[in-house]
Amino acid sequence: MCGITGIVAHSAVNLDLYESLSVLQHRGQDAAGITTCENGRFYMKKGNGLVRDVFYKKHMQRLPGKMGIAHARYPTAGTSSSAEAQPLYVNSPYGIALAHNGNLTNAEQLKEELFQTELRHLNTDSDTEALLNIFAHELQLIAKPDFNHEDIFIAVEGIHRRCRGGYAVVAMVVGKGILAIRDPNGIRPLCYGIRETELGPDYMVASESVALQAQGFELVRDIEPGEAIFISEDGEMFARQCAQDPVLSPCIFEYVYFARPDSIIDGISVYKSRLRMGQTLVQKILREQPDHDIDVVIPIPDTSRSTALEVAFHLNVKYREGFIKNRYIGRTFIMPGQKERKKSVRQKLNPIELEFAGKNVLLVDDSIVRGTTSKQIVQMAREAGAKKVYMASAAPPVRHPNVYGIDMASHEEFVAHDRTVEEITEIIGADWLIYQGLDDLIKAVRKGNKDVEQFDCSCFDGVYITNDVDDAYFKRLNDQRNDSAKNKKNIKAAGQL
């Protein structure tokens with residue numbers, strides 16, 4: 001999962017890009033990058049770390065131009081090497097910079113084609129580099145000095161024919177403009193907005209609407225699945241459907257965890273969807289535990305707060321903030337390895353003992369993936385004096401890898417893999433555990449926009465809408481993305497092997 005943004009404006013865009021990346025920091029904490037364009041030249045700064053640690057005043061002064069793109073990286077494939085920080089760049093044809101959110105499920109095939117047939121060398125393990133070179137090759141086939149948006153859209157049609165998976169893309173062509181693309185299933189989010197100025201409208205595209213709002217842009221709409229929009233350097237916008245048979249199937253995990261609550265994705269308020277998750281979750285609690293003895297509901301901050309509030313309200317019990325979060329620790333779910341995740345939980349959360357002492361506590365979390373965090377939090381609640389500790393998940397059991405851009409582990413690393421709820425309860429040390437039902441989750445999210453007929457729920461139900469995921473793919477995925485493989489890659493990238 002990554003955050004991407006792009007701006008074409010009537011004034012310098014460097015600061016707007018920086019601030020929009022800061023707003024999208026929750027989508028990726030591994031690396032950040034900005035590329036701008038002025039007078040036919042690219043200017044780029046990128047590196048490992050948080051946005052605030054990558055960019056300083058001197059860097060911003062070296063990013064001139066009235067159009068640019070930016071990226072906050074969360075690694076799903078490849079390594080944490082700064083060589084894979086985005087945007088990435090190729091000089092032919094024309095000069096293209098590109099940033100990508102998602103994951104290509106046929107990346108290995110594409111890399112082979114690029115090398116064997118199109119004679120293109122890839123210097124990283126990143127599927128973004130493959131996507132960039134596919135775009136470059138498709139544009140090269142129709143290359144001419146006076147190309148326009150029509151030629152761009154023909155190249156995008158080539159991308160959709162060849163690429164599989166979930167992808168949202170921003171790209172910039174030297175001296176021409178910015179392109180935004182969403183995959184034919186609309187799995188990964190992408191939207192655009194306008195900011196009126198005295199000189200005319202400024203345009204911005206971003207992973208989430210909150211990034212637009214923070215920079216004074218008004219959300220126009222989400223980019224449709226398979227659609228491409230091109231904003232010329234002069235501020236003209238063009239849009240075209242470039243895929244055959246597109247079907248909107250947004251990732252439901254965006255609403256559960258990844259997106260900020262103040263974002264609207266495909267017409268659905270993330271905040272409202274999380275409130276409704278609480279309403280459906282509490283109904284299940286009352287069905288399964290009608291004689292519950294819950295004294296207090298406590299959220300695991302921050303994502304589950306909205307859900308926990310609704311649970312407490314409908315249970316008619318107290319809602320309390322029992323854990324205080326250290327704002328300077330990153331999101332545990334996207335820590336690169338199990339050791340880092342285990343270490344960071346107690347650094348990130350500290351219990352307020354008086355909210356636990358002598359009480360039967362219901363802890364509400366957005367989801368349970370590996371179980372590492374849940375186990376430690378349950379133990380912290382007991383150490384703080386809780387009499388009984390119950391756990392509720394706003395999402396169903398996560399049993400399958402997400403192959404479209406969320407770095408979920410291999411099957412074996414999920415606590416719910418081949419286990420019953422009772423077995424999971426014992427592993428995390430809770431007195432009882434309850435999960436949201438998948439139908440209830442879909443109902444809670446879809447109520448925000450009935451026009452969204454289906455969601456990508458693959459991490460819950462194992463149904464992969466691109467129809468190209470098999471056992472061989474999972475074997476490769478496991479080899480690339482389990483914690484052991486990642487640690488080896490990152491050590492090698494650091495020059496220690």
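The structure displayed is predicted, hence computed values, not measured ones. Numbering of residues begins at 1 and proceeds along the displayed sequence.
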Notebook entry, point to check: Should H160 and Y167 count as side-chain neighbours, where that means a heavy-atom distance under 4.5 Å?
Noted result: yes
Item checked: Pairwise distance CD1(I406) to SG(C2) - rounded to 0.5 angstrom -> 11.0 Å
Next item on the list: Give a yes or no on whether the backbone of S249 and the side-chain of Q454 come within a donor-acceptor separation of less than 3.5 Å.
Entry: no
Notebook entry, point to check: Do the side chain of E84 and the main chain of D125 share a donor and acceptor less than 3.5 angstrom apart?
Noted result: yes
Item checked: Donor-acceptor side-chain pairing of T128 and Q86 below 3.5 angstrom -> yes
Note to self: Could you check, using the six-membered ring where one of them is a Trp, whether F474 and Y464 have ring centers closer than 6.0 angstrom?
What the structure shows: yes
Item checked: Pair D295 + K359, salt bridge at N-O below 4.0 Å -> no
Checklist line | Distance-minimising heavy-atom pair for C191 and L212 | finding: SG-CD1, 3.8 Å
Checklist line | Residues Y257 and H26: side-chain donor-acceptor under 3.5 angstrom | finding: no
Next item on the list: Could you label the plane-to-plane angle of the Y18 and F55 rings as parallel, tilted or perpendicular, counting under 30° as parallel and over 60° as perpendicular?
Entry: perpendicular
Checklist line | Nearest-0.5 Å distance that lies between atom OG in S209 and atom CE in M204 | finding: 10.5 Å
Check: Can you name the nearest heavy-atom pair linking D266 to P250, along with the distance?
Finding: OD2-CB, 3.5 Å
Check: Where do Q379 and E383 land on the side chain to side chain donor-acceptor pair (under 3.5 Å) test, with the steps shown first?
Finding: CA-CA 6 Å; Q379 182 60 34; E383 292 171 359; 3.3 Å; yes
Check: What distance do I181 atom CD1 and R188 atom CZ have between them, rounded to the nearest 0.5 Å?
Finding: 16.0 Å
Margin query: Check the orientation of Y203 and Y192. Use parallel for under 30°, tilted for 30 to 60°, and perpendicular for over 60°.
Written below: tilted
Notebook entry, point to check: Going by an N to O cut-off under 4.0 Å, is there a salt bridge joining D293 and K387?
Noted result: no
Notebook entry, point to check: Can you find a pair of side-chain heavy atoms, one from V170 and one from T5, that are under 4.5 Å apart?
Noted result: no
Notebook entry, point to check: Would one find more than 12 heavy atoms of other residues, nucleotides or ligands at under 6.0 Å from atom CD of Q213?
Noted result: no
Check: Is there a donor-acceptor contact under 3.5 Å from the side chain of Q241 to the main chain of P225?
Finding: yes
Next item on the list: State, to 0.1 Å, how close A9 and V13 come at their nearest heavy-atom pair, and which atoms those are.
Entry: CB-CG1, 3.7 Å
Margin query: With a 4.5 Å cut-off on side-chain heavy atoms, are Y390 and Q289 touching?
Written below: no
Margin query: Are there over 12 heavy-atom neighbours, none belonging to N316, within less than 6.0 Å of that residue's CG?
Written below: no
Note to self: Testing R260, K348, K325 one by one against D302 for a salt bridge (Lys or Arg N to Asp or Glu O under 4.0 Å), which residue passes?
What the structure shows: K325
Check: Can we call the ring centroids of F253 and F455 under 6.0 Å apart?
Finding: no
Notebook entry, point to check: Are there more than 12 heavy atoms of other residues, nucleotides or ligands under 6.0 Å from atom CZ of F238?
Noted result: yes
Notebook entry, point to check: Would you say I178 and M172 make side-chain contact, with heavy atoms under 4.5 Å?
Noted result: yes
Next item on the list: Return the minimal non-hydrogen interatomic distance between R320 and P299, and the atom names on each side.
Entry: O-CD, 3.3 Å
Check: Looking only at heavy atoms, what is the nearest atom pair of P189 and N101, with distance?
Finding: CD-ND2, 4.2 Å
Margin query: Donor-acceptor pair, distance only, cut-off 3.5 Å: does the side chain of R399 make one with the backbone of A416?
Written below: yes
Check: Do other residues, nucleotides or ligands put more than 12 heavy atoms under 6.0 Å from K284 NZ?
Finding: yes
Note to self: Are the side chains of Q347 and N326 in contact, using a 4.5 Å heavy-atom criterion?
What the structure shows: no
Check: Within a reach of under 6.0 Å around CD of E426, are more than 12 heavy atoms found that belong to other residues, nucleotides or ligands?
Finding: no
Check: Would you call I427 and R419 a side-chain contact if the rule is heavy atoms closer than 4.5 Å?
Finding: yes
Item checked: Where P351 and F356 come nearest, the two heavy atoms and their spacing -> CB-CE1, 3.8 Å
Item checked: Pairwise side-chain contact, Y255 with M277, heavy-atom cut-off 4.5 Å (strictly under) -> yes
Next item on the list: Report yes if some heavy atom in the side chain of V270 is under 4.5 Å from a heavy atom in the side chain of E254; otherwise report no.
Entry: no
Check: Would you call E310-R274 a salt bridge at under 4.0 Å N-O?
Finding: no
